[in-house]
Amino acid sequence: MNAKRFTVIGLVAIVALFFYLGMNAYQKRVQNAQEVQVKAEQTRLVRMHSPVFGPQGAPVTIVEFFDPACETCRAFYPIVKNLMAQYPNDVRLVIRYAPFHQGSDQVVKLLESSKSQGKYQTVLEAVLAAQPTWADHGQPNIETAFKVAEQAGLDLVKARQDIEKPGMQSLLQQDIEDLTALQVTKTPTFFVNGRSLPSFGPDQLAALVAEEVAKAKK
């Protein structure tokens with residue numbers, strides 16, 4: 001009787017051990033899968049070609065999916081700029097493109113062409129300031145945006161040459177693939193250190209940035 005009892009106890013112990021080992025292996029697989037997913041999302045948030053404002057080593061990164069024809073993007077630009085001024089050593093802004101509006105892809109290429117001339121921010125701000133004159137969603141006047149960029153100091157002949165380079169479309173396509181994978185459906189869409197806003201608005205963005213800055217300083 002005792003032998004049977006010990007045998008049953010032994011079998012139960014072996015089953016429990018295998019169950020524990022199986023659960024442990026499963027939890028590790030889940031954890032590894034989650035880590036891979038997080039890394040993939042982080043890669044999709046920031047690409048090597050992405051324009052960056054602020055210190056490269058800043059502990060807090062705001063990623064904005066942005067459409068140059070979007071009125072709300074235009075309204076948020078000074079808000080984001082003020083946040084960066086508030087935390088000059090702690091926050092950087094990464095611009096990603098979400099060309100949802102008609103003609104936005106051409107203005108994105110115009111902005112990208114300004115990089116090689118060292119005029120990205122100047123052209124960006126000029127195009128945003130003049131947005132009401134060119135960004136008619138039904139019939140955008142893209143040539144007006146190009147003229148505004150030229151008035152801001154861009155060499156338009158060189159810019160048009162750069163726009164036609166094959167890499168320009170590849171860059172834009174990468175951003176479109178990333179926003180699709182991240183399920184970005186509207187502009188602007190913000191991520192702060194990989195976290196999306198709990199609800200949309202300037203106060204929510206400011207609160208999330210402040211929270212991440214405080215974390216970084218602990």
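Throughout, residue positions are numbered sequentially from 1 according to the sequence presented.
Counting heavy atoms from C-beta on, the side chains of P140 and Q106 never come closer than 4.5 Å. Residues P188 and F200 meet the side-chain proximity criterion, which asks for heavy atoms closer than 4.5 Å. L172 places a side-chain heavy atom less than 4.5 Å from the side chain of D105. Between W134 and F146 the shortest side-chain heavy-atom distance does not fall below 4.5 Å. Under the 4.5 Å side-chain criterion, counting only non-hydrogen atoms from C-beta, D136 is not in contact with N141. At least one side-chain heavy atom of C73 sits less than 4.5 Å from a side-chain heavy atom of E64. In this structure, L179 and R96 have side chains that are not in contact, with every pair of non-hydrogen atoms separated by 4.5 Å or more. Contact of the I62 side chain with the V91 side chain is registered, since non-hydrogen atoms from C-beta on lie closer than 4.5 Å.
L111 and M168 are members of different hydrophobic clusters when ILVMFWY side chains are connected at heavy-atom separations under 4.5 Å. Cluster annotation: L124 is connected to Y97 through the hydrophobic network of ILVMFWY side chains, with a link wherever side-chain heavy atoms come within less than 4.5 Å. One hydrophobic cluster holds both F53 and V127 under the rule that ILVMFWY side chains link at heavy-atom gaps under 4.5 Å. Residue V63 is grouped with residue V52 when hydrophobic side chains (ILVMFWY) are merged at heavy-atom distances under 4.5 angstrom, including chains of intermediate members.
Of the N and O atoms on the side chains of T72 and K186, not one donor lies less than 3.5 Å from an acceptor on the other residue.
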Quick one: do K147 and E150 satisfy salt bridge (Lys or Arg N to Asp or Glu O under 4.0 Å)? Show the steps, please. CA-CA 5 Å; K147 287 176 183 175; E150 186 176 32; over 6 Å; no
Worked check of side chain to side chain contact (heavy atoms under 4.5 Å, CB included) between K215 and N193: CA-CA 11 Å; K215 270 191 207 174; N193 280 0; over 6 Å; no
Go through the steps to decide whether N82 and Q86 satisfy the test side-chain hydrogen bond (donor to acceptor under 3.5 Å, both in side chains), and finish with yes or no. CA-CA 6 Å; N82 286 340; Q86 186 178 346; over 6 Å; no
Dump the intermediate steps for side chain to side chain contact (heavy atoms under 4.5 Å, CB included) on E177 and Q173, then the final yes or no. CA-CA 6 Å; E177 287 176 8; Q173 189 58 41; 3.8 Å; yes
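Between atom CG of residue L208 and atom OG of residue S199 there is a gap of 10.0 Å, rounded to the nearest 0.5 Å. From T187, atom OG1 reaches atom NE2 of H101 across 5.5 Å, with rounding to the nearest 0.5 Å. Here the OG1 atom belonging to T189 is positioned 11.5 Å from the CD atom belonging to Q183, to the nearest 0.5 angstrom. Between the CZ atom of F76 and the CZ atom of F66 there is a distance of 13.0 Å, given to the nearest 0.5 Å. The distance from the CG atom of L110 to the OG atom of S104 is 12.0 Å, given to the nearest 0.5 Å. Going from atom CZ of F190 over to atom CD1 of I79 covers 8.0 Å, rounded to the nearest 0.5 Å.
A salt bridge does not link E212 to R92: none of the charged side-chain nitrogens sits closer than 4.0 Å to a carboxylate oxygen. Contact check on K109 versus E112 returns no salt bridge, with no Lys/Arg side-chain nitrogen under 4.0 Å from an Asp/Glu carboxylate oxygen. Contact check on K81 versus E125 returns a salt bridge, with a Lys/Arg side-chain nitrogen under 4.0 Å from an Asp/Glu carboxylate oxygen.
What you find for P99 and D67 is that their closest heavy atoms are C-OD2, 3.7 Å. Considering every non-hydrogen atom in both K115 and P51, the closest pair reads CE-CG, 3.7 Å. The minimum heavy-atom distance linking L45 with G194 is given by the pair CD1-CA, 3.7 Å. The minimum heavy-atom distance linking A216 with P59 is given by the pair CB-CB, 3.6 Å. Closest of all the heavy-atom pairs between L128 and P132 is O-CD, 4.4 Å. The shortest non-hydrogen separation linking A75 to P78 is O-CD, 3.4 Å.
Side chain of Q131 to backbone of R74: no donor-acceptor contact under 3.5 angstrom is found.
When each of H49, R44, R47 is paired with D175, the side-chain hydrogen bond (donor to acceptor under 3.5 Å, both in side chains) condition holds for H49 and for no other.
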